[in-house]
Amino acid sequence: MKTLLAVDGSDNANEAVRALQYFSMDRLVVLHALNVPKPAYPMMVPEVAAELYHDLERSMRADGERLLDRTVSLLPFHTGPVSRMIHTGSPAEVILTTAEEEKSDLIVMGARGLGPIKERVFGSVSHRILTAARCAKLIVSGPVKTIERVLLPLRSSSDTEDAIRFLQLNPFQRSVELTLLSVLPSIHPSLGTAALAAQPLQAREMENAQLFLQSTANELKRSGYQVRTEVLTGAPVESILDRAHRLKADLILMGSRGRHGVLRLVLGSVSHAVLHHARCSILVFN
């Protein structure tokens with residue numbers, strides 16, 4: 001698996017480096033983006049402004065090289081060939097461009113920790129990567145102790161196809177236990193005849209969801225995974241977060257299909273909402 005590790009020296013980026021020990025890698029690119037600020041004095045002589053900019057860029061590049069040295073020294077032993085890169089520009093755009101050029105299967109990075117309101121106003125690197133990257137992305141938002149229990153919510157056949165395709169890349173370095181989860185909306189009719197009619201309908205929906213999950217589980221078992229299934233009713237985000245907490249999941253693995261572009265930015269998506277509130281890392285596949 002071709003992996004791109006984006007580092008910025010933050011605590012969560014350091015945890016992203018540690019998380020690599022749990023993933024298989026055929027090749028690794030370690031990337032640092034230089035977001036060099038322009039001089040903020042409009043009346044400054046252009047030549048002086050350019051000189052200040054280049055001085056700052058040289059200083060930041062030297063810091064970046066030291067960061068890459070430290071990062072490479074912490075990489076796990078099973079890492080394949082490693083390339084180091086420093087590019088100047090907006091961090092999100094640098095990461096996206098490099099991932100495309102390197103044909104990465106997975107982007108690994110730490111979350112900056114912006115809250116949902118601040119992120120919608122100013123944006124964040126992890127949000128941009130989550131919504132725009134064409135490959136899978138692992139967003140690390142806190143300490144990574146191990147990756148053994150993985151929660152995989154599935155919403156549709158498209159989600160299932162994407163999940164199987166990603167898992168067949170054998171992304172995990174060690175054996176993991178997958179819990180496949182389907183969350184159905186609760187049916188709340190008014191009392192009386194409608195309530196009685198809704199009960200068998202809900203039961204049929206849960207039975208169909210269980211059959212759907214079991215079919216997926218059987219295919220993943222043939223690929224060597226340990227798999228269990230569970231069907232819940234309720235709100236998707238709250239149900240996923242609650243099940244992850246009760247399961248003590250080390251990772252939530254989920255698809256990004258659904259809302260895109262401006263609509264996703266304004267209304268949010270299940271994967272994006274889970275990212276903000278989960279107590280473990282999130283790996284989003286396309």
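Side-chain contact check for S126 versus I139: some heavy-atom pair is nearer than 4.5 Å. In this structure, V176 and Y22 have side chains that are not in contact, with every pair of non-hydrogen atoms separated by 4.5 Å or more. Contact check for N286 versus D162: no side-chain heavy atoms found under the 4.5 Å cut-off. Between L283 and L106 the shortest side-chain heavy-atom distance falls below 4.5 Å. Looking at heavy atoms from C-beta onward, V231 lies in side-chain contact with L213 at the 4.5 angstrom threshold. No side-chain heavy atom of L5 sits less than 4.5 Å from a side-chain heavy atom of L31. S24 places none of its side-chain heavy atoms less than 4.5 Å from the side chain of F172. Contact check for M254 versus I240: side-chain heavy atoms found under the 4.5 Å cut-off.
D242 places no side-chain N or O within 3.5 Å of a backbone atom of E238 that could act as its donor or acceptor partner. One N or O on the side chain of D250 and one on the backbone of E148 form a donor-acceptor pair closer than 3.5 Å. In this structure a side-chain-to-backbone donor-acceptor pair under 3.5 Å is missing from H32 to G64. The backbone N or O of D55 sits nowhere less than 3.5 Å from a side-chain atom of S59 that would complete a donor-acceptor pair. Judged purely by atom type and a 3.5 angstrom limit, T98 has no side-chain atom pairing as donor or acceptor with the backbone of I95. At least one donor-acceptor pair under 3.5 Å links the side chain of K137 to the backbone N or O of C135. S156 contributes a side-chain N or O that, together with a main-chain N or O of D159, makes up a donor-acceptor pair within less than 3.5 Å.
Nearest approach of I129 to A92, heavy atoms of both residues: CD1-O, 3.7 Å. Smallest separation of non-hydrogen atoms from P81 and D26: CD-O, 3.0 Å. The two residues L181 and R243 come nearest to each other via the heavy atoms CD2-CB, 4.2 Å. When all heavy atoms of E102 and K2 are compared, the closest pair comes out as O-CD, 3.9 Å. Shown here for A13 and G9, the closest heavy-atom pair between the two residues is CB-N, 4.2 Å. Between A273 and V237, the shortest heavy-atom distance links the atoms CB-CG2, 3.8 Å.
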- Task: Evaluate the side chain to side chain contact (heavy atoms under 4.5 Å, CB included) criterion for residues V140 and L138: first the C-alpha distance (whole Å), next the side-chain angles of each, then the deciding distance (0.1 Å), finally the verdict.
- Result: CA-CA 6 Å; V140 178; L138 171 65; 4.0 Å; yes
- Item | Worked check of salt bridge (charged side-chain N to carboxylate O under 4.0 Å, His left out) between E15 and R18 | CA-CA 5 Å; E15 289 298 324; R18 295 187 183 96; 2.7 Å; yes
- Task: Walk me through it: do R61 and E65 pass the test salt bridge (charged side-chain N to carboxylate O under 4.0 Å, His left out)?
- Result: CA-CA 6 Å; R61 185 173 294 275; E65 291 289 357; 5.4 Å; no
- Would L167 and F285 satisfy side chain to side chain contact (heavy atoms under 4.5 Å, CB included), going step by step from the backbone distance to the final call? CA-CA 10 Å; L167 288 168; F285 55 84; over 6 Å; no
- Message: Go through it in stages, so that I can follow the logic: the residues are V29 and M85, the test is side chain to side chain contact (heavy atoms under 4.5 Å, CB included), and I'd like the CA-CA distance, side-chain angles, deciding distance and then a yes or no.
- Response: CA-CA 7 Å; V29 173; M85 295 184 182; 3.8 Å; yes
- Could you go through the side chain to side chain contact (heavy atoms under 4.5 Å, CB included) check for S83 and V30 one step at a time? CA-CA 6 Å; S83 300; V30 184; over 6 Å; no
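Note: L151 CG to L180 CG = 9.0 Å, rounded to the nearest 0.5 Å. The line from CG of L178 to CG of L253 is 7.5 Å long, rounded to the nearest 0.5 Å. For the atom pair CG of L75 and CD of Q21, the computed distance is 11.0 Å after rounding to the nearest 0.5 Å. E177 contributes atom CD, which lies 5.5 Å from atom CZ of R228 (distance to the nearest 0.5 angstrom).
When only modelled atom types and interatomic distance are considered, T79 and R27 share no side-chain donor-acceptor pair under 3.5 Å. Residues S175 and Q226 have side chains that bring a donor and an acceptor to within less than 3.5 angstrom of each other. Counted by atom type alone, S10 and N12 present zero donor-acceptor pairs between their side chains at under 3.5 Å.
Ion pairing of R134 with E100 is present here, as a side-chain N (NZ or NE/NH1/NH2) and a carboxylate O approach within less than 4.0 Å. Salt bridge annotation for D69-R66: absent, with no cationic side-chain nitrogen under 4.0 angstrom from a carboxylate oxygen.
Heavy-atom neighbours of D11 CG from other residues, nucleotides or ligands within 6.0 Å: at or below the threshold of 12. No more than 12 heavy atoms of other residues, nucleotides or ligands sit less than 6.0 Å from atom NZ of K248. No more than 12 heavy-atom neighbours from other residues, nucleotides or ligands sit within 6.0 angstrom of NE2 on H245.
Under the 4.5 Å side-chain contact rule for hydrophobic residues, V183 and L211 do not share a cluster.
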